[in-house]
There are 2 protein chains.
Amino acid sequence: MAQPSGEARRRPSMDDVARAAGVSKAAVSKVIRHAYGVSPEMRDRVERTIAELEYRPRVAARVMRGQSFTIGVEIPNLGNEFFTEVMAGASSKLRGSPYQMIIAPGLGDGRGAQVLESLSDRQVDGMIAISPGVSSEWLERLGEEIPMVMLGRHDRAISYDTLTNDDALGAELAVSHLIERGHQRIAHLTISSDEESWPRTPHGIRHRAYIDTLEARGLTPVVSTCEYSSASAYAAGRELIASGQITAIFVGNDALAIEVLRALADLDLTTDSVAVVGYDDIPLASHPRISLTTVSQFGRHMGALAIELLLERIVGGRTDSRHEVVTPELRMRASSAAPAPLLN
Amino acid sequence: MAQPSGEARRRPSMDDVARAAGVSKAAVSKVIRHAYGVSPEMRDRVERTIAELEYRPRVAARVMRGQSFTIGVEIPNLGNEFFTEVMAGASSKLRGSPYQMIIAPGLGDGRGAQVLESLSDRQVDGMIAISPGVSSEWLERLGEEIPMVMLGRHDRAISYDTLTNDDALGAELAVSHLIERGHQRIAHLTISSDEESWPRTPHGIRHRAYIDTLEARGLTPVVSTCEYSSASAYAAGRELIASGQITAIFVGNDALAIEVLRALADLDLTTDSVAVVGYDDIPLASHPRISLTTVSQFGRHMGALAIELLLERIVGGRTDSRHEVVTPELRMRASSAAPAPLLN
DNA sequence: ATGAAAGCGCTAACAG
DNA sequence: CTGTTAGCGCTTTCAT
């Protein structure tokens, strides 16, 4: 049975293995790194001892001299299925590689930099992040220290890679679709952020494209903003619906759009009264009970692609930056029916 | 502007700070650890230099001597909202503490131990995990090395804490509710696992309670199992519904229940034909389009509680184990209507 | 092919 | 109150 707890057992070190196997630490090190210069017999002996002692190298000690074999991923919000899809894509791409992924959840509001710093303090071999609210100057400096790929940033960085979808196209697809369905009074619900970075964030670009598409058709934009929370999206959506002035809402992303559907239902309305279109195509959007028209940006694929780019830097040694853009696609579902007569 | 990329800048070390400030490393160390024995002037000078050089201690070097100020969390599946709720609760509890949380996503099937090991290799100061598929002997050994709290394990461990909800009660609440609603032919859709551990996993216990509750009322159990995936749950749910032999399904958790709702809708049926009850009360369950009757086990609260238990060990030095049980509550919603006449 | 030794950046005794 | 010193467990030249 287990020993009395509290007496923390010390785990074996490389020295213990070396001693037990009657070889040098260097030999053990070579064996675990699959490095050259070890005879089959030695390898065998060492591996046997490692198994016997259940030895596992400590990452920290390893990091002091070499790599951590760790990829850090910063994710602003665990509750948004789009992000978890990206993680899933990344995770599956990493399978079979010696790299392990750790996720650092965001701290909300403008604290994205803190999370990136803490990942860097851990000396991950590379990182993937989704941090719209960090200045590109700051990121450029971080990118010089550590391989990095940023998702959803439209800046042409030189020290790190970016991976986005064509947000302008996606928003245009969404809005054009509503117009083609016959909608004239289309609102946009988006996430507010600071004036400074806003125009280059995904939401800022979608917003711009929404405005442009409407104006090109001579229609009037109606913009409402909310914070990045279910409650805020619900409230803003409800207000928009209750105004009775619109027949459709293009929402900044699916997670928020689903809150708008909630508000709609709470007002005893359906998407036949007010059409709703989202962005991301999270798995839930295809659920028949939700059936949300949306724009797919292929989250899983983006996650996998991000890992590819990162490994090109880490393993392949690439140092020039790449900027990949994924082409989004419209997913037509039941939430974007043709407009009913205006409520008032 | 940024330097040419590729020329990775070396980040300053404690030595650099000491040199620049004209003091010893020890002094710098004391300042960043807020340790005793530093004069205000020295503290001031060092802090100024730290800010100037933008110095941040490297976690790895720190770990070699002391703590990592990191809490590792193992989560089997990022896509399940219940788990992300637990994370959110944990994360909010950690705010303001010097500890940072990192999440290691599960690798699927029986590879839970691997993730725990890799967290331990990183020498996190403590860890929280949801690993039903790991033997308790193995966990006891790990618990002797590192403070640990396990969620959803019903074993009375001695080297680690456990935190569960009363799964037997929860399942009984769910099944009794269906019986009271008038259902007689109630199926159970659950997640299969190895014979060995199954009876002590949350799903095993819910299954047992389901059987017992039905039999106590003289009703016949109908059990279907699936794997931990949307597709598998969908298929199993669809088959159960198509059989036409049941009027209600108690599903092992909400994520799977939502797939059953999907199958139901795809068969052009509603919960008026086949009632559905889940487990967990994820945020989506309360969405009016879903309105899933379920059993709440207060995920956010559990996450926060897990951190509390862990900090008692890490900071407070507690070494005896605690085993907390949360009392679940039924959440009645529209998905558990009274039964319609049998289909065949 | 193998091992000895230096050192990564920090913390913790211990001296002064 | 401050600085010196000895490691923590690895990787990596560099001899042998």
Side-chain angles (χ1 to χ4, degrees), chain A residues 8-47 49-50 53-70 98 118 120-125 145-146, chain B residues 8-47 49-50 53-70 98 118 120-125 145-146:
Chain A
R9 302 183 315 156
R10 194 181 68 83
R11 55 189 281 174
S13 73
M14 182 176 278
D15 224 17
D16 296 329
V17 176
R19 218 186 329 268
V23 301
S24 72
K25 287 192 299 176
V28 179
S29 176
K30 279 177 186 154
V31 168
I32 64 174
R33 284 177 300 123
H34 303 102
Y36 292 114
V38 259
S39 64
E41 307 81 56
M42 160 132 301
R43 146 148 298 132
D44 208 60
R45 198 138 68 95
V46 170
E47 276 172 347
T49 313
I50 285 176
L53 267 50
E54 294 182 308
Y55 166 74
R56 322 192 81 237
R58 261 154 276 201
V59 174
R62 201 156 222 207
V63 165
M64 300 286 297
R65 295 308 251 136
Q67 319 173 53
S68 63
F69 290 102
T70 305
S118 92
S120 143
D121 296 343
R122 282 187 171 67
Q123 286 162 282
V124 293
D125 291 339
E145 287 179 3
I146 173 178
Chain B
R9 301 183 315 155
R10 194 181 66 85
R11 56 189 282 175
S13 73
M14 182 176 279
D15 224 16
D16 297 328
V17 176
R19 218 186 328 268
V23 300
S24 71
K25 286 192 301 176
V28 179
S29 176
K30 277 176 187 155
V31 168
I32 66 174
R33 285 179 296 125
H34 304 102
Y36 291 114
V38 259
S39 65
E41 306 81 56
M42 161 130 300
R43 144 149 298 132
D44 208 60
R45 197 138 70 94
V46 170
E47 277 172 346
T49 314
I50 285 176
L53 267 50
E54 294 182 309
Y55 166 73
R56 321 193 82 237
R58 260 152 277 200
V59 174
R62 209 156 214 206
V63 164
M64 299 287 296
R65 289 320 239 132
Q67 319 173 55
S68 63
F69 290 101
T70 305
S118 93
S120 143
D121 295 344
R122 283 188 171 65
Q123 285 162 281
V124 294
D125 291 339
E145 286 179 4
I146 173 178

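Just so we're on the same page: letters track the sequence lines, and every chain starts at 1.
- In the model, B:S13 has no side-chain atom that pairs as donor or acceptor with a side-chain atom of B:R58 under 3.5 Å.
- B:M42 places its CE atom 9 Å from the C1' atom of D:dC1, with the value rounded to the nearest Å.
- Side-chain atoms of A:R65 stay outside donor-acceptor range of the base of D:dG9, with no qualifying N/O pair under 3.5 Å.
- Among the heavy atoms of the strands, none lies under 4.0 Å from B:V63.
- For the residue pair A:S29 and A:R33, a side-chain donor N or O sits within less than 3.5 Å of a side-chain acceptor on the partner.
- B:R19 has its CZ atom 12 Å from the C1' atom of C:dG9, to the nearest Å.
- For the pair B:R33 CZ and C:dC10 C1', the computed distance is 9 Å after rounding to whole Å.
- Between the CZ atom of B:R122 and the C1' atom of D:dG9 there is a distance of 16 Å, given to the nearest Å.
- Of all nucleotides listed (C:dT2, D:dG9, C:dC10), C:dC10 comes nearest to the side chain of B:K25.
- A salt bridge between B:E47 and B:R43 is present, with a side-chain N of the basic residue lying under 4.0 Å from a carboxylate O of the acidic one.
- The listed nucleotides are C:dA12, D:dC10, C:dC10; the one nearest the side chain of B:M14 is C:dC10.
- Counting only heavy atoms from C-beta on, A:R58 has its side chain closest to D:dC10 among D:dC10, D:dT11, C:dG9.
- One atom, CG of B:D15, and another, C1' of C:dG7, lie 12 Å apart when rounded to the nearest Å.
- Between the CZ atom of B:R11 and the P atom of C:dC10 there is a distance of 8 Å, rounded to whole Å.
- The nucleotide whose nearest atom lies closest to any side-chain atom of A:M64 is, among D:dC10, C:dG9, C:dC10, C:dG9.
- Note on B:D16 versus B:K25: no salt bridge recorded, every NZ/NE/NH1/NH2 to OD/OE distance being 4.0 Å or above.
- Contact check, B:S39 against D:dT2: a side-chain N or O comes under 4.0 Å of OP1 or OP2.
- Nucleic acid contact for A:V23: sugar-phosphate only, since backbone atoms but no base atoms lie under 4.0 Å from a heavy atom of the residue.
- Residue A:A27 is in sugar-phosphate contact alone, with no base atom involved, counting any heavy-atom pair closer than 4.0 Å across all strands shown.
- Under the 3.5 Å distance criterion, with hydrogens and angles disregarded, a donor-acceptor pair is assigned to the side chains of A:T70 and B:R122.
- Protein atom CZ of A:R62 is 21 Å distant from nucleotide atom P of C:dC10, rounded to whole Å.
- Using a 4.0 Å heavy-atom cutoff across all strands shown, A:Y36 reaches no nucleic acid atom at all.
- Between A:R56 atom CZ and D:dC10 atom C1' the separation is 16 Å, expressed in whole Å.
- Nucleic acid contact for A:S29: base, since at least one base atom lies under 4.0 Å from a heavy atom of the residue.
- Considering only the side chain of A:A26, C:dA4 comes nearest among C:dC10, D:dT11, C:dA4.
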